[in-house]
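One structure is given below, encoded as structure tokens.
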Number of protein chains: 2
Amino acid sequence: MSTQRLTEGAYIVLALLEHVQPATPYDLKLFAERATIDFWTVSHAQTYNECARLAREGLLAEEREQTGRRRRIYTLTELGRSALAEWLQTPVDSLEAVRDLSILKLFFGADPATLAPTQLEMHEERLRRYESHAEARDAARAAGGSVPPGASFALEAGIGHEREYVRLWKKMRDSRAD
Amino acid sequence: MSTQRLTEGAYIVLALLEHVQPATPYDLKLFAERATIDFWTVSHAQTYNECARLAREGLLAEEREQTGRRRRIYTLTELGRSALAEWLQTPVDSLEAVRDLSILKLFFGADPATLAPTQLEMHEERLRRYESHAEARDAARAAGGSVPPGASFALEAGIGHEREYVRLWKKMRDSRAD
DNA sequence: GGGTACATGTAATCAGTTACATGATTTA
DNA sequence: TAAATCATGTAACTGATTACATGTACCC
């Protein structure tokens with residue numbers, strides 16, 4: 001029964017946990033922060049809450065340290081694993097709205113030249129970060145390590161989009177009024 | 001004083017209203033839906049609430065029909081206009097997270113081939129829609145009409161990104177496991 | 001004039017964030 | 001051992017969505 005719809009945040013916690021379990025909510029947060037891409041954000045508080053909730057619903061097993069910080073340490077249960085697997089193999093049949101504040105302002109008449117410098121700088125920085133991740137990945141692969149293809153694809157996607165942003169904002173920066 | 005921070009939703013309402021005022025919340029919703037790009041979503045309920053709130057704070061003037069539906073009809077006040085102008089000319093100094101559910105799943109190990117068909121189809125459709133908007137715009141321009149450059153830029157951005165998505169998902173679709 | 005689609009609004013809910021509070025560990 | 005940082009949690013708030021409720025206009 002318990003396969004009531006989970007929120008996206010919940011699935012992200014499940015997915016993160018699969019990669020690093022057993023782990024505390026704090027571990028998840030760290031892993032997410034370092035995990036290359038900015039495809040989502042999960043706040044610290046949400047991570048703790050979501051773990052507790054998922055445990056209550058039987059998707060996570062919670063173990064508690066008996067000493068010191070008495071941290072809660074989580075692992076996926078069978079139920080959690082299958083919920084995650086099901087989610088992962090379900091095609092996404094909707095498109096997210098783009099949600100780029102700068103483009104939105106542009107649309108509403110903001111001056112491109114005003115927005116461009118800041119945006120360009122930030123997208124360039126993000127692009128550089130992604131590219132250095134890609135290099136690290138390639139190096140690892142060359143050294144015989146195995147790299148999960150999904151992460152690799154996602155990284156390509158990120159790079160592609162950031163390049164597009166950079167191209168675009170450069171154009172804006174250089175554009176004089178029509 | 002009243003320049004307390006407004007939410008993004010509030011600014012969007014202000015910006016929409018500038019384009020179509022005087023207007024009812026319903027008019028805004030319609031305009032937003034037809035306005036080319038999917039850079040944000042504003043739900044029906046939010047539109048009504050936000051208009052009421054902005055009016056309470058003096059950024060909108062509310063007039064009420066005396067007959068029939070007794071609709072509330074809004075226009076920007078001077079205060080509203082200047083809040084909007086200020087927002088539009090403030091550079092955005094942060095990057096939104098990308099929030100693409102499919103890429104996220106990919107990152108977590110979903111099978112590209114499973115996700116690709118649906119995503120490809122949807123991005124292609126969106127791309128087509130944007131491109132036809134662009135054509136309409138070019139036609140209008142050729143006919144001597146004036147087209148606000150901001151909307152045009154935003155459209156270019158949308159097209160660029162959708163092309164990138166299409167390229168990407170085609171690649172995924174055709175990729176066999178590493 | 002009865003039904004359907006359009007339009008307008010409110011209420012309840014919720015996911016997610018910010019702010020607060022505290023405890024444990026490390027370091028100077 | 002004091003200060004700083006790391007870590008863990010909770011509470012309050014809020015932007016936004018979903019669901020509900022109703023009214024008006026149009027169409028057959």
Side-chain angles (χ1 to χ4, degrees), chain A residues 4-14 16-17 20 22-34 38-57 59-60 62-74 87 94 96-99 101 104, chain B residues 4-14 16-17 20 22-34 38-57 59-60 62-74 87 94 96-99 101 104:
Chain A
Q4 56 187 303
R5 201 121 228 77
L6 297 175
T7 68
E8 276 150 11
Y11 284 114
I12 291 171
V13 165
L14 290 177
L16 288 170
L17 196 55
V20 295
T24 66
Y26 191 77
D27 295 332
L28 293 186
K29 202 200 68 174
L30 286 186
F31 179 77
E33 275 165 12
R34 276 145 213 195
D38 307 289
F39 287 112
W40 222 269
T41 55
V42 205
S43 81
H44 139 81
Q46 201 193 346
T47 309
Y48 281 90
N49 288 336
E50 204 60 66
C51 283
R53 204 170 69 79
L54 288 171
R56 233 180 295 125
E57 293 182 14
L59 303 181
L60 304 185
E62 178 183 313
E63 204 175 324
R64 190 106 196 229
E65 283 184 344
Q66 287 309 324
T67 70
R69 292 196 177 170
R70 300 185 39 73
R71 296 180 270 217
R72 300 163 203 271
I73 296 164
Y74 295 98
W87 181 69
S94 65
E96 222 74 36
V98 178
R99 289 216 147 226
L101 205 42
L104 186 69
Chain B
Q4 54 186 304
R5 202 122 225 78
L6 297 176
T7 68
E8 276 150 11
Y11 283 115
I12 291 171
V13 165
L14 290 177
L16 288 170
L17 195 55
V20 295
T24 67
Y26 191 78
D27 295 331
L28 293 186
K29 203 200 69 176
L30 286 186
F31 180 75
E33 274 165 12
R34 276 146 214 196
D38 307 290
F39 287 113
W40 223 270
T41 54
V42 206
S43 80
H44 139 81
Q46 201 194 344
T47 308
Y48 281 90
N49 288 336
E50 203 59 66
C51 282
R53 205 170 69 77
L54 288 171
R56 232 181 296 123
E57 292 181 15
L59 302 181
L60 303 186
E62 179 183 314
E63 203 174 325
R64 193 109 195 227
E65 282 183 344
Q66 286 310 323
T67 70
R69 293 195 175 166
R70 298 185 40 73
R71 296 180 271 216
R72 300 162 203 271
I73 296 164
Y74 295 97
W87 181 69
S94 65
E96 222 74 35
V98 178
R99 289 214 150 229
L101 205 43
L104 187 70

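Because only heavy atoms are used, hydrogens play no part in the values below, and waters and symmetry mates are left out as well, while side chains stay in. Sequence lines set the chain letters: A, B, ... in the order given, protein chains first and strands last, and positions in each chain run from 1.
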Exercise. What string of B, S and - do you get for nucleotides 8-13 of chain C 5' to 3' if you count protein non-hydrogen atoms under 4.0 Å?
Worked result: BBB---
[X] [atom1] to [N] [atom2]: how many Å, rounded?
{"X": "E33(B)", "N": "dA7(C)", "atom1": "CD", "atom2": "P", "value": "11 Å"}
{"X": "E50(A)", "N": "dT17(C)", "atom1": "CD", "atom2": "P", "value": "11 Å"}
{"X": "L30(A)", "N": "dC6(D)", "atom1": "CG", "atom2": "P", "value": "10 Å"}
{"X": "Y11(B)", "N": "dA16(D)", "atom1": "OH", "atom2": "P", "value": "13 Å"}
{"X": "E8(B)", "N": "dA16(D)", "atom1": "CD", "atom2": "P", "value": "7 Å"}
{"X": "Q46(B)", "N": "dT18(D)", "atom1": "CD", "atom2": "P", "value": "11 Å"}
{"X": "I12(B)", "N": "dA16(D)", "atom1": "CD1", "atom2": "C1'", "value": "12 Å"}
{"X": "L28(B)", "N": "dC6(C)", "atom1": "CG", "atom2": "C1'", "value": "17 Å"}

With sequence neighbours left out, what residues match [X] under side chain to side chain contact (heavy atoms under 4.5 Å, CB included)?
{"X": "V98(A)", "result": "D100(A), Y165(A), F39(B), R126(B)"}
{"X": "E8(A)", "result": "W40(A), L101(B)"}
{"X": "A10(B)", "result": "L6(B), T7(B), E50(B), R53(B), L54(B)"}

Problem set entry | Contact under 4.0 Å: T41(A) side-chain N or O vs dT17(C) OP1/OP2 | yes
Problem set entry | Under 4.0 angstrom between T7(A) side-chain N/O and dG16(C) OP1 or OP2 | yes
Problem set entry | Partners meeting side chain to side chain donor-acceptor pair (under 3.5 Å) with T24(B) (sequence neighbours left out) | D27(B)
For this session: With sequence neighbours left out, write down each residue that passes side chain to side chain donor-acceptor pair (under 3.5 Å) with E62(B), or none if nothing qualifies.
Result: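 By the side chain to side chain donor-acceptor pair (under 3.5 Å) rule, E62(B) matches R72(B), Y74(B).
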Problem set entry | Under-4.0 Å salt bridge between E65(B) and R70(B) |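 R70(B) and E65(B): not salt-bridged.
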